[in-house]
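Throughout, protein chains are lettered first and strands after them, A, B, ... in sequence-line order, and every chain is numbered starting at 1. No experiment lies behind these values; they were computed from the predicted model shown.
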Protein chains: 2
Amino acid sequence: MNIGTASEKSGLPAKTIRYYEDIGLLRPDRADNGYRDYSMSDVHRLRFLQRSRSLGFSVEECRQLLSLYGDNARESADVKSIAETKLVEIDRKLAELTELRNTLRHLVHNCHGDSRPDCPIIDGLSGRTQTQ
Amino acid sequence: MNIGTASEKSGLPAKTIRYYEDIGLLRPDRADNGYRDYSMSDVHRLRFLQRSRSLGFSVEECRQLLSLYGDNARESADVKSIAETKLVEIDRKLAELTELRNTLRHLVHNCHGDSRPDCPIIDGLSGRTQTQ
DNA sequence: TATAAAGCTTCCAGTAACTGGAAGTTCAAG
DNA sequence: CTTGAACTTCCAGTTACTGGAAGCTTTATA
């Protein structure tokens, strides 16, 4: 499929998809006319990149995670250790996102929605979980 | 407190803290010696920035979210609508993070950790939740 | 079949969000 | 009183895109 279709399916702009190719994150086929030709597997990689980037992982972290995906030459002990490291980080992100969501929910439910400017729960946004 | 302390407490490098001041995300006091002087409330803002940036929100989104925090002049209808918009996004991020975590967990538990290179569950990384 | 529009190509320049380093000032310890 | 760490500003470099020009290919319409 052409880059436009891959863009639609992955949620990434065509520009970004070409950039990811430049920096070696994927290597699509080329058709006879010179157009890039994306496989379903390329689209999977792209979707994965879209997701993990939007969740705050750097491109280099995504590259690591992608190396888990479909790289049969890699040793599974290595795979396991990378995955375990990322799991810790993901759990932290999950906790923080959950806290942020709860705060905003509280905000939405407890604020009046009219023009009264007192929303004292907003303090929670800074996440006073640990002692300060 | 000085920028070094604020950096420790917020988890942000001093460089980044100065940069956030440059782009108007906070406005700490200045001591007589010219040093920046951070209040606890500044640190809250910084911690919030650290978190939400690492969760994939852009600086401009953070600015919006920060406008919820401690801005008494803002109308609460406005606050509510911003918060509601962000809630949808946060829920999506939560779902994606959860899925990513499940995939990696599966990976960690099902791969042998030795040198056998077959980890077929890795496909899950692309998140085939919706039909393709 | 002509031709215009849409989609693709490369390349180069610009932006967002930092990040590193130089050069100088101030503070805290010995 | 001096040495080193921490602070200041400023400017240049990096990462991860993003926009636009100039040109080729495909597709839709007259």
Side-chain angles (χ1 to χ4, degrees), chain A residues 1-40 42-43 45-67 86 89 93 96 100, chain B residues 1-40 42-43 45-67 86 89 93 96 100:
Chain A
M1 79 191 74
N2 282 351
I3 199 168
T5 313
S7 168
E8 261 176 58
K9 286 192 191 270
S10 66
L12 286 169
K15 279 267 177 188
T16 305
I17 296 179
R18 289 193 199 99
Y19 172 72
Y20 286 164
E21 183 180 346
D22 279 355
I23 62 172
L25 289 177
L26 74 166
R27 193 174 287 279
D29 282 353
R30 291 284 175 145
D32 290 343
N33 57 12
Y35 285 19
R36 289 169 178 85
D37 183 20
Y38 294 89
S39 66
M40 239 16 240
D42 290 326
V43 171
R45 288 178 83 86
L46 290 170
R47 280 186 56 76
F48 172 71
L49 285 164
Q50 190 281 318
R51 281 173 165 233
S52 43
R53 288 289 298 127
S54 94
L55 294 169
F57 292 98
S58 75
V59 164
E60 287 317 306
E61 289 174 313
C62 291
R63 198 190 294 277
Q64 268 202 329
L65 287 166
L66 269 179
S67 77
K86 289 301 164 202
E89 205 173 327
K93 279 178 193 282
E96 290 180 357
L100 182 55
Chain B
M1 79 191 71
N2 282 351
I3 199 168
T5 314
S7 167
E8 260 176 59
K9 285 190 191 272
S10 65
L12 285 170
K15 279 267 175 185
T16 305
I17 297 179
R18 291 194 197 97
Y19 171 72
Y20 286 165
E21 183 179 347
D22 279 355
I23 61 171
L25 288 177
L26 76 166
R27 193 173 287 278
D29 281 355
R30 292 281 177 147
D32 290 343
N33 56 12
Y35 285 19
R36 289 169 178 84
D37 183 19
Y38 295 89
S39 66
M40 238 18 238
D42 290 326
V43 171
R45 289 178 81 86
L46 291 171
R47 280 187 55 76
F48 172 72
L49 284 164
Q50 190 280 319
R51 280 171 164 238
S52 43
R53 287 290 297 129
S54 94
L55 294 169
F57 292 98
S58 75
V59 164
E60 286 317 304
E61 289 174 313
C62 291
R63 198 191 295 275
Q64 267 202 329
L65 286 165
L66 270 179
S67 78
K86 289 300 165 203
E89 207 172 328
K93 277 176 194 283
E96 290 179 356
L100 181 55

Checklist line | Chi angles and distances behind the side chain to side chain contact (heavy atoms under 4.5 Å, CB included) call for A:Ser52, A:Glu61 | finding: CA-CA 9 Å; A:Ser52 43; A:Glu61 289 174 313; over 6 Å; no
Item checked: Check: B:Asp42/B:Ser39 side-chain N/O donor and acceptor closer than 3.5 Å -> yes
Which protein N or O atoms sit under 3.5 Å from an N or O of nucleotides 22-29 of chain D?
unit_1 : atom_1 : unit_2  : atom_2 : d
D:dT26 : OP1    : A:Asn33 : ND2    : 2.9

Notebook entry, point to check: Can you name the nearest heavy-atom pair linking A:Ala31 to A:Asp37, along with the distance?
Noted result: N-CB, 4.3 Å
Notebook entry, point to check: Is it true that A:Glu60 and A:Arg63 have a side-chain N and a carboxylate O under 4.0 angstrom from each other?
Noted result: yes
Note to self: Can you give me the closest heavy-atom contact between A:Cys62 and A:Leu49, atom names plus distance?
What the structure shows: CB-CD2, 3.7 Å
Notebook entry, point to check: Can you name the salt bridge (charged side-chain N to carboxylate O under 4.0 Å, His left out) partners of A:Lys93, sequence neighbours left out?
Noted result: none
Checklist line | Range on DNA chain C touched by chain A, heavy atoms, distance below 4.0 Å | finding: C:dG7 to C:dC11
Check: Which comes earlier along DNA chain C counting from the 5' end, the contact point of A:Asp37 or that of B:Asp32, where each point is its nearest nucleotide?
Finding: A:Asp37
Next item on the list: Decide yes or no for A:Leu100 and B:Arg51: does some side-chain heavy atom of the first lie under 4.5 Å from some side-chain heavy atom of the second?
Entry: no
Check: Is the side chain of B:Asn33 donor-acceptor paired with the backbone N or O of B:Tyr35 at a distance under 3.5 Å, no angle test?
Finding: yes
Next item on the list: State whether the number of non-hydrogen atoms from other residues, nucleotides or ligands found under 6.0 Å of B:Arg30 atom CZ is greater than 12.
Entry: yes
Next item on the list: Strictly below 4.0 Å, heavy-atom distances to any atom of DNA chain D: list the hits from residues 10-30 of chain B, or just say none.
Entry: B:Lys15, B:Arg18, B:Arg30
Check: Near DNA chain C, under 4.0 Å by heavy atom, which residues of residues 52-62 of chain A?
Finding: none
Notebook entry, point to check: Mind checking what makes salt bridge (charged side-chain N to carboxylate O under 4.0 Å, His left out) contact with A:Glu89, not counting sequence neighbours?
Noted result: A:Lys86
